[in-house]
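All remarks here apply to the structure that follows.
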Amino acid sequence: MTTSARNVIAAAHRIVVKVGSSSLTASGGGIDVAKVDELVDVVARARQAGKEPILVSSGAIATGFPALGMPHRPRDLAGKQAAASVGQGILLAHYAQRFAEHDLQVGQVLLTVHDLVRPRGYRNASATLTRLLSLGVVPIVNENDTVATSEIRFGDNDRLAALVAELVRAEALVLLSDVDSLYTAPPATPGAERIALVTDTADLQVQTHGGGSAVGTGGMTTKLDAASIAAGSGIPVVLTRADLAGEAIAGEDVGTYFAPSLVHRPRRLLWLAHAASPQGEIHIDSGAVTALRERHASLLAVGVTTVHGDFQPGDPVQLIGPDGEPVGRGIASYGDQEVRAMRGRSSSWLATEFGPGASREVVHRDAMVLSRRHRRS
């Protein structure tokens, strides 16, 4: 790959570094001190070189469950949250002690989905992280596992890291894993080849089956999703192994480099596609699907067939086609009760029955993100 692409990483001033549980903890859980210390040294050198690193760190649950005497990572929500509550404190204490040896302070920032999809929470999170960086502090970000439920989770810290990178307008994202690079197939597979450069994640032809480690939640699929989010925001990404973090930040030819997209998705639509949790479903007919996909039209009431869930105007909703497949997401102009009353009606009928205001779109085209079409073999 070209040296100039890697130079973008080396020249980046504000960098988000994400590290997973498997890169911080022992195989049976608990902190692997050597691994954490090595990562801290790399991040501290970046800060002392004048960069502004933000560390998105997993590991709270994996650190906490052995401390609570649990024989394995808990599977129930309450157990996970209890382990996270204990583990987050242990992990942060070690980070704080180790960074202090470099004369650096750390600041803990725990986020939930609502912090990034609601305008006030988004502004607050952005302002806090920006102020911490201006004060010379190294922010350590994690999902707030002690309160997050399945409905308000990012799902994995890879996606969280990509959204944080967009939030702070980072100039690079480094995703650290226990695999040194993206390969055409799982690395142990005969004939698997390293992919050094990805210009468009949509064109990738790779096998990513399999989950994460016994102590983590992610896998290669989540990392590709995160790379796609960040690259779509104009942020270059490097995916590599945790012990190669220093080389990655220095712009050396390690891991896989994901080139930033030349066309950036508007910020609000980025949240809608990747961070927002839909509050309901609006099912639409085939004519509406065609209008949305081929004519980039808004969704009108006439194309709505059924409505599920409880949502208010301004809430994100999932758009579902007649085959049951997601068509996209959008910001609802009306609440669920209004859409139920309006479904299948023409704009002229609505204007006559409810006044001119009722003829506006159920979901405006500028507040909509369409899903990629599934390729057929």
Side-chain angles (χ1 to χ4, degrees), residues 1-3 5-6 8-10 15-32 34-39 42-43 55-59 61-62 72-73 155-162 165 172-231 235-260 375 377:
M1 65 169 299
T2 62
T3 303
R6 295 288 183 161
V8 172
I9 301 293
I15 304 174
V16 172
V17 178
K18 185 271 173 180
V19 61
S21 298
S22 61
S23 301
L24 295 175
T25 57
S27 58
I31 289 178
D32 186 319
K35 290 180 180 179
V36 177
D37 290 354
E38 184 178 0
L39 176 64
V42 171
V43 176
L55 181 60
V56 177
S57 173
S58 301
I61 297 175
H72 51 73
R73 181 187 176 94
D156 59 81
N157 273 359
D158 296 308
R159 187 163 65 128
L160 170 61
L173 169 63
V174 177
L175 297 172
L176 301 178
S177 176
D178 50 6
V179 180
D180 70 311
S181 186
L182 175 66
Y183 285 81
T184 53
T189 304
E193 298 180 358
R194 174 200 171 203
I195 300 174
L197 171 66
V198 175
T199 56
D200 188 346
T201 55
D203 296 332
L204 276 176
Q205 298 293 326
V206 296
Q207 299 176 30
T208 60
H209 58 78
S213 68
V215 297
T217 60
M220 189 55 69
T221 299
T222 69
K223 290 168 180 58
L224 292 181
D225 289 343
S228 178
I229 294 169
I235 301 169
V237 181
V238 173
L239 166 65
T240 194
R241 203 170 55 225
D243 62 307
L244 296 174
E247 291 86 340
I249 293 173
E252 296 182 22
D253 186 16
V254 297
T256 299
Y257 176 85
F258 295 82
R375 295 181 178 176
S377 57

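Given the structure is predicted, the values throughout are model-derived calculations rather than measurements. The analysis underlying the following values was restricted to heavy atoms, covering all of them including side chains, and did not include hydrogens, waters or symmetry mates.
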Can you list the residues that meet the side chain to side chain contact (heavy atoms under 4.5 Å, CB included) rule with [X], with sequence neighbours excluded?
X: Ala227; value: Val237, Phe258
X: Val254; value: Thr240, Leu244, Glu247, Ala248
X: Glu38; value: Asp243
X: Ser181; value: Tyr183, Arg194, Thr256

Do [X] and [Y] have side-chain heavy atoms sitting under 4.5 Å apart?
X: Leu239; Y: Val198; result: no
X: Pro260; Y: Ile235; result: no
X: Leu224; Y: Leu182; result: yes

Those residues that, when tested against Ser177, pass side chain to side chain donor-acceptor pair (under 3.5 Å) (two or more places apart):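 With neighbours one apart ignored, the set is empty.
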
Residues in side chain to side chain donor-acceptor pair (under 3.5 Å) contact with Ser23, at least two apart in sequence or another chain: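 Here no residue qualifies.
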
Taking every non-hydrogen atom, the tightest pair across [X] and [Y]:
X: Lys18; Y: Ser58; answer: CE-OG, 3.9 Å
X: Val16; Y: Ala161; answer: CG1-O, 3.9 Å
X: Ile9; Y: Ala172; answer: CD1-CB, 3.8 Å
X: Pro187; Y: Val179; answer: CG-CG1, 3.9 Å
X: Pro186; Y: Ala192; answer: O-CB, 3.6 Å
X: Ala230; Y: Ala162; answer: N-CB, 4.2 Å

Supply the atom-to-atom distance [X] [atom1] to [Y] [atom2], rounded to the nearest 0.5 angstrom.
X: Arg241; Y: Ser22; atom1: CZ; atom2: OG; result: 12.0 Å
X: Ile31; Y: Asp37; atom1: CD1; atom2: CG; result: 9.5 Å
X: Asp32; Y: Leu39; atom1: CG; atom2: CG; result: 11.5 Å

side-chain contact (heavy atoms from CB on, under 4.5 Å) assessment of Ile195 paired with Thr184: CA-CA 7 Å; Ile195 300 174; Thr184 53; 4.0 Å; yes

Working for side-chain contact (heavy atoms from CB on, under 4.5 Å), residues Asp158 and Asp225: CA-CA 8 Å; Asp158 296 308; Asp225 289 343; over 6 Å; no

